[in-house]
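Everything on this sheet refers to the single structure shown next.
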Amino acid sequence: MNTPDVLGWVLIVLGFVALAAWLTFIVIAAVQVVRSSRMEYASKLLWIAALVVFPLPGVVAWYAVGDRTRRIENAVHSRFR
């Protein structure tokens, strides 16, 4: 086995590890969305749609602001009442 073959296998393994990690983050984010009791049904649907349609940005957005969705909903509702 020569060096290019080993490098190819290492890249393939790293690719599979990265894919597994990415899918794990998506599944964990989806479970957190579904199990969240602080969010309304429509917000949950929007988050799940974001995770399905835009997987990478959806996961990043969920971990950045997802847990604060209920506070944002309350601020919007109170502003427009």
Side-chain angles (χ1 to χ4, degrees):
M1 188 178 260
N2 57 21
T3 304
D5 290 339
V6 172
L7 181 61
W9 280 106
V10 168
L11 291 176
I12 289 172
V13 169
L14 287 176
F16 278 119
V17 168
L19 178 66
W22 179 54
L23 290 174
T24 302
F25 282 123
I26 291 174
V27 169
I28 290 171
V31 168
Q32 287 177 346
V33 168
V34 171
R35 294 183 72 192
S36 176
S37 61
R38 298 181 306 179
M39 279 194 289
E40 294 178 6
Y41 184 73
S43 294
K44 288 181 182 185
L45 285 178
L46 288 174
W47 275 112
I48 294 296
L51 291 171
V52 170
V53 176
F54 307 108
L56 187 59
V59 168
V60 171
W62 171 253
Y63 288 114
V65 297
D67 292 331
R68 295 181 293 245
T69 301
R70 186 65 185 159
R71 271 191 293 169
I72 294 168
E73 286 175 350
N74 289 340
V76 169
H77 286 304
S78 66
R79 174 165 240 144
F80 290 110
R81 284 186 182 172

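- Taking Pro57 as the reference, Phe54 meet the side chain to side chain contact (heavy atoms under 4.5 Å, CB included) condition, with sequence neighbours excluded.
- Leu46 and Ile26 end up in different hydrophobic clusters when Ile, Leu, Val, Met, Phe, Trp and Tyr side chains are linked at under 4.5 Å.
- Take Leu19 and apply the side chain to side chain contact (heavy atoms under 4.5 Å, CB included) test, not counting sequence neighbours, and it matches Trp22, Leu23.
- Residue Lys44 comes nearest to Met39 through the heavy atom pair CE-O, 3.8 Å, listed as atom of the first residue, atom of the second, then distance.
- By the 4.5 Å side-chain criterion applied to Ile, Leu, Val, Met, Phe, Trp and Tyr, Leu45 is assigned to a cluster that also includes Tyr41.
- Here Tyr63 contributes atom OH and Ile28 contributes atom CD1; the two are 5.0 Å apart, rounded to the nearest 0.5 Å.
- Closest heavy-atom contact between Trp62 and Ala29: CD1-CB, 3.6 Å.
- The backbone N or O of Gln32 sits nowhere less than 3.5 Å from a side-chain atom of Ser36 that would complete a donor-acceptor pair.
- Take Ala30 and apply the side chain to side chain contact (heavy atoms under 4.5 Å, CB included) test, not counting sequence neighbours, and it matches Ile48, Leu51.
- With side-chain heavy atoms closer than 4.5 Å counting as contact, directly or through intermediates, Val60 stands alone and belongs to no larger hydrophobic cluster.
- By the side chain to side chain contact (heavy atoms under 4.5 Å, CB included) test, Val31 pairs with Val27, Arg35, sequence neighbours left out.
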